[in-house]
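Every chain is numbered from 1 and lettered A, B, ... according to where its sequence line falls, protein lines coming before strand lines. Source: prediction; values computed, not measured.
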Number of protein chains: 2
Amino acid sequence: MKVSFSDLREQYDGAFRENCPTRTVLDHVMSKWGVLVLFALTDGAIRWGELRRRIDGISEKMLSSTLRTLEADGLVSRRSYPEVPPRVEYALTDLGGELMEKLGPLMEWVAAHADDIAAAPDARRAESRVGREADQTT
Amino acid sequence: MKVSFSDLREQYDGAFRENCPTRTVLDHVMSKWGVLVLFALTDGAIRWGELRRRIDGISEKMLSSTLRTLEADGLVSRRSYPEVPPRVEYALTDLGGELMEKLGPLMEWVAAHADDIAAAPDARRAESRVGREADQTT
DNA sequence: CGGCATCCTGGGGGATACTG
DNA sequence: CAGTATCCCCCAGGATGCCG
């Protein structure tokens, strides 16, 4: 492994513990819709309806609740204009922006390899990284 | 936004479409346990029981199913030794290793800011990134 | 030890209708 | 337009038990 996760684990091994805040954040950010909503906001502030249209398949309920969660987490900001008809814009906070910088490379990688993975036969099982000599029971 | 998500979106805007493979991968990787399992494997191959012990709160069922999913995705390899008592080791595949390289910085960031976010009052709502002049209805 | 099989429950999440 | 409210369903996921 090129990345020293050991260091991370030493400092934040609590990530593996149930009560750790990391778990919560992970659950919010990595939730089914969390990533997509955050990702959809990377262009800048957009309106509720636009968000809904951009994220295919999301229901009003989930969009609302996801936005509320992310807002409570301080990752997304909500700004409503006292107009009629009502207009509300959502945007990433500075914190959310930082997060997306980390999330960006990941999304790119996933997008690039999605087909490989989705189409993955179990043929790839042989491609083990462990350099051990042992029988494959399977 | 410092990252050019626009480029990504142009090429892979399907990420927002329901049938897109990206969605599937995201759901698997970003699932409640997916990240933690992958993360726990970054030290190298470890045994089933060890995994279970490392990931606090995971049930046998979820560990098994998560491992099977990730294995089918070609991100994790499974190697069983024909011994008695049985021994099975799991490890990241090359693909899984690549993924974790992208996931690493994210995890570090999350771990570092988890407390901020978890403890986030709605006070942070004011910290909007949009430089617009408008009334805050809330 | 390393699992499946089974049962069961909570809440994630969709559909629809209504409101400011 | 931008939500909230309500109903309801489904399955993620925990608990338990058994097997190779």
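Atom pair A/Ile55:CD1 and C/dG14:P shows a separation of 12 Å (rounding to whole Å applied). B/Arg23 places its CZ atom 14 Å from the C1' atom of C/dG13, with the value rounded to the nearest Å. Per the geometry, NE2 belonging to A/His28 stands 13 Å off C1' belonging to C/dG12, to the nearest Å. Between B/Leu67 atom CG and C/dG3 atom P the separation is 8 Å, expressed in whole Å. Between the CH2 atom of A/Trp48 and the P atom of C/dG20 there is a distance of 17 Å, given to the nearest Å. For the pair B/Arg52 CZ and C/dC4 P, the computed distance is 14 Å after rounding to whole Å. Between B/Glu89 atom CD and C/dG2 atom C1' the separation is 13 Å, expressed in whole Å. Between B/Met62 atom CE and C/dC8 atom P there is a gap of 20 Å when expressed in whole angstrom units.
Taking the six-membered ring where the residue is Trp, B/Trp109 and B/His113 present perpendicular rings, their angle passing 60° and hence far from 30°.
Closest of all the heavy-atom pairs between B/Phe39 and B/Met100 is CA-CE, 3.7 Å. Across every non-hydrogen atom of B/Ser77 and B/Thr93, the tightest pair is N-CG2, 3.7 Å.
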>> Before you tell me yes or no, could you show the steps for A/Tyr81 and A/Glu89 under side-chain hydrogen bond (donor to acceptor under 3.5 Å, both in side chains), namely the whole-Å CA-CA distance, both residues' side-chain angles and the distance that decides it to 0.1 Å?
In response: CA-CA 8 Å; A/Tyr81 300 80; A/Glu89 285 185 353; 3.2 Å; yes

> Between A/Asp56 and B/Arg23, does a salt bridge (charged side-chain N to carboxylate O under 4.0 Å, His left out) hold up when you go through it step by step?
Replying inline: CA-CA 11 Å; A/Asp56 190 43; B/Arg23 285 282 187 94; 5.5 Å; no

> side chain to side chain contact (heavy atoms under 4.5 Å, CB included) between A/Leu106 and B/Val29: does it pass, once the steps are laid out?
Replying inline: CA-CA 11 Å; A/Leu106 175 62; B/Val29 172; 5.5 Å; no

> Are A/Ser65 and A/Trp33 close enough, and set up right, to give a side chain to side chain contact (heavy atoms under 4.5 Å, CB included), and what steps lead you there?
Replying inline: CA-CA 10 Å; A/Ser65 82; A/Trp33 301 113; over 6 Å; no

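Considering only side-chain N and O atoms, B/Arg78 lies nowhere under 4.0 angstrom from the phosphate OP1 or OP2 of C/dG2.
Summary of the strand contacts: A/Ser59 and B/Arg47 both lie near DNA chain C, and taking for each the nucleotide with the nearest heavy atom, the more 5' one is attributed to B/Arg47. Both A/Pro85 and A/Ser65 lie close to DNA chain D; mapped to their nearest nucleotides by heavy-atom distance, the more 5′-ward contact belongs to A/Pro85. Each of A/Val88 and A/Lys61 has a nearest nucleotide on DNA chain D; the 5'-most of these lies closest to A/Val88.
The side chain of A/Glu60 sits closest to C/dT16 out of C/dT16, C/dT6, C/dG2. Listed candidates were C/dG3, C/dT6, C/dC1. Nearest to the side chain of B/Ser64 is C/dG3.
Along DNA chain D, read 5' to 3', the first and last nucleotides having any atom under 4.0 Å from a heavy atom of chain A are D/dC1 to D/dC7.
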